[in-house]
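Values reported hereafter were calculated over all heavy atoms of this structure, with side chains retained and with hydrogens, waters and symmetry mates removed.
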Amino acid sequence: MKIGILSQDANLYSTRRLLEACHQRGHEAVIINALRCYMNINSVQPSIHFEGTDLIGFDAIIPRIGSDITFYGCAVLRQFEMMNVFSVNQSIAISRSRDKLRSLQLLSREGVGMPITGFASKPDDVLDLIKMVGGAPLVIKLLEGTQGIGVVLAETQKAAESVIEAFMGLKAHIMVQEYIEEAGGADIRCFVIGDKVIASMKRQAAEGEFRSNLHRGGSASLIRITPEERKTAIAAAKAMGLSVAGVDLLRSKRGPLIMEVNSSPGLEGIEAATGKDIAGMIIDYIEKNAGKKSHRHLKNQ
């Protein structure tokens, strides 16, 4: 098969591993920088051009679209979809998962466990907003934040009021969430491919830090998840319409709670923690599904 990897950086670990996995299985693989693509949108023969060349003959696309280029990256991916190229994750599913508020609303509709979350626009809503999520301590998140950036733990009522009012004063879009103290600064990353959790790891926050992101100095280790956690992770990926996803959940007194569903999960941490060939499993998934007309029906929501 001819497989395209939509990535801005050929030197990234995840991109390199996917390229290796393609070659090991005898496939042709091409790394495509979405920002350097341009499109001919028409009703007869839509096409995508890259450095003066028409990108044709692709059997499948693996989107590794950075959060900073979500809009244009999804537009390029959507063009491949219009050309009937199989995509590991569809553009609409990636768009859903990148919108933190929208993704939580979709999880809520499907009855998937998650922290109590508040969202508001005006400063005079602040006190009721804090009360809504159970009071301080609470977590305040920028909707546009990634890798733990723009996430603040407010430990007192006054601190919560000040931080929320400051963000609102800057016209920033924020969510307010209950703080799950019993999680102990740890979360679980479940790697979902198709309808299975194929790997999982525990991410523990560094000393004095509550964010467990590996980019924030967190550590990763192998963990055995429960059947309920497995079921919750699969349900979360399905709610987004994602076939390949990194699902982050917390262990709480009331069961697993979804924090985020990532449409371009990194491979380095989880391959190191589990010793599994995750990149190879993604290519295996493509081999089994690329010939099918539609691998998952997505409603436009």
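Closest of all the heavy-atom pairs between Val133 and Thr117 is CG1-C, 4.1 Å. Across Arg98 and Ser67, no two heavy atoms sit closer than the pair NH1-CA, 3.4 Å. Looking at every heavy atom in both residues, Gln204 comes nearest to Gly184 through NE2-O, 2.9 Å. Across every non-hydrogen atom of Val85 and Phe58, the tightest pair is CG2-O, 3.7 Å. Listed here is the closest heavy atom pair of Ala290 and Met1: CB-SD, 4.0 Å. Cys190 and Ala233 make their closest contact through CB-CB, 3.8 Å (heavy atoms, listed as atom of the first residue, atom of the second, distance).
Tyr38 places a side-chain N or O within 3.5 Å of a backbone atom of Gly52 that can act as its donor or acceptor partner. When atom types are taken as modelled, the side chain of Tyr13 and the backbone of Gly269 share no donor-acceptor pair closer than 3.5 angstrom. Distance alone, capped at 3.5 Å, places no donor-acceptor pair between the Arg64 side chain and the Ile5 backbone. Remark: side-chain polar atoms of Glu271 are not paired, donor with acceptor, to backbone N or O of Ser14 under 3.5 angstrom. A donor-acceptor distance shorter than 3.5 angstrom exists from the side chain of Asn89 to the backbone of Ser263, with no hydrogens or angles considered. Between the side chain of Glu81 and the main chain of Ser91, a donor-acceptor pair closer than 3.5 Å is present.
Other residues, nucleotides and ligands contribute more than 12 heavy atoms inside 6.0 Å of the CZ atom of Arg254. Atom NE2 of His49 has more than 12 heavy atoms from other residues, nucleotides or ligands within 6.0 Å. Counting heavy atoms of neighbouring residues, nucleotides and ligands inside a 6.0 Å radius, atom CD1 of Ile56 does not exceed 12 of them. The neighbour count for Lys202 NZ, taken as heavy atoms of other residues, nucleotides or ligands under 6.0 Å away, does not exceed 12. The number of heavy atoms from other shown groups lying within 6.0 Å of NZ (Lys2) is above 12.
Annotation: side chain of Leu55 is not in contact with side chain of Ser47 (no heavy-atom distance under 4.5 Å). No side-chain heavy atom of Leu104 sits under 4.5 Å from any side-chain heavy atom of Phe119.
Atoms CG and CG, on Leu129 and Leu138 in that order, are 8.5 Å from each other to the nearest 0.5 Å.
The only option from Glu228, Glu181, Glu182, Glu229 that meets the salt bridge (charged side-chain N to carboxylate O under 4.0 Å, His left out) definition with Arg251 turns out to be Glu229.
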Lys100/His173 under side-chain contact (heavy atoms from CB on, under 4.5 Å): CA gap, chis, key distance, verdict: CA-CA 10 Å; Lys100 286 187 175 73; His173 297 296; over 6 Å; no
Steps toward side-chain contact (heavy atoms from CB on, under 4.5 Å) verdict (Val261, Ser103): CA-CA 8 Å; Val261 184; Ser103 62; 5.9 Å; no
Worked check of side-chain contact (heavy atoms from CB on, under 4.5 Å) between Leu153 and Glu155: CA-CA 6 Å; Leu153 172 62; Glu155 300 191 57; 4.1 Å; yes
Residue pair Arg17, Glu20: steps toward the salt bridge (charged side-chain N to carboxylate O under 4.0 Å, His left out) verdict: CA-CA 5 Å; Arg17 285 288 297 118; Glu20 288 170 10; 3.1 Å; yes
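Under 4.0 Å is where a charged nitrogen must lie from a carboxylate oxygen, and between Lys276 and Asp284 no such pair does. Glu260 has no carboxylate O lying under 4.0 Å from a charged side-chain N of Arg203, or vice versa, which leaves the two without a salt bridge.
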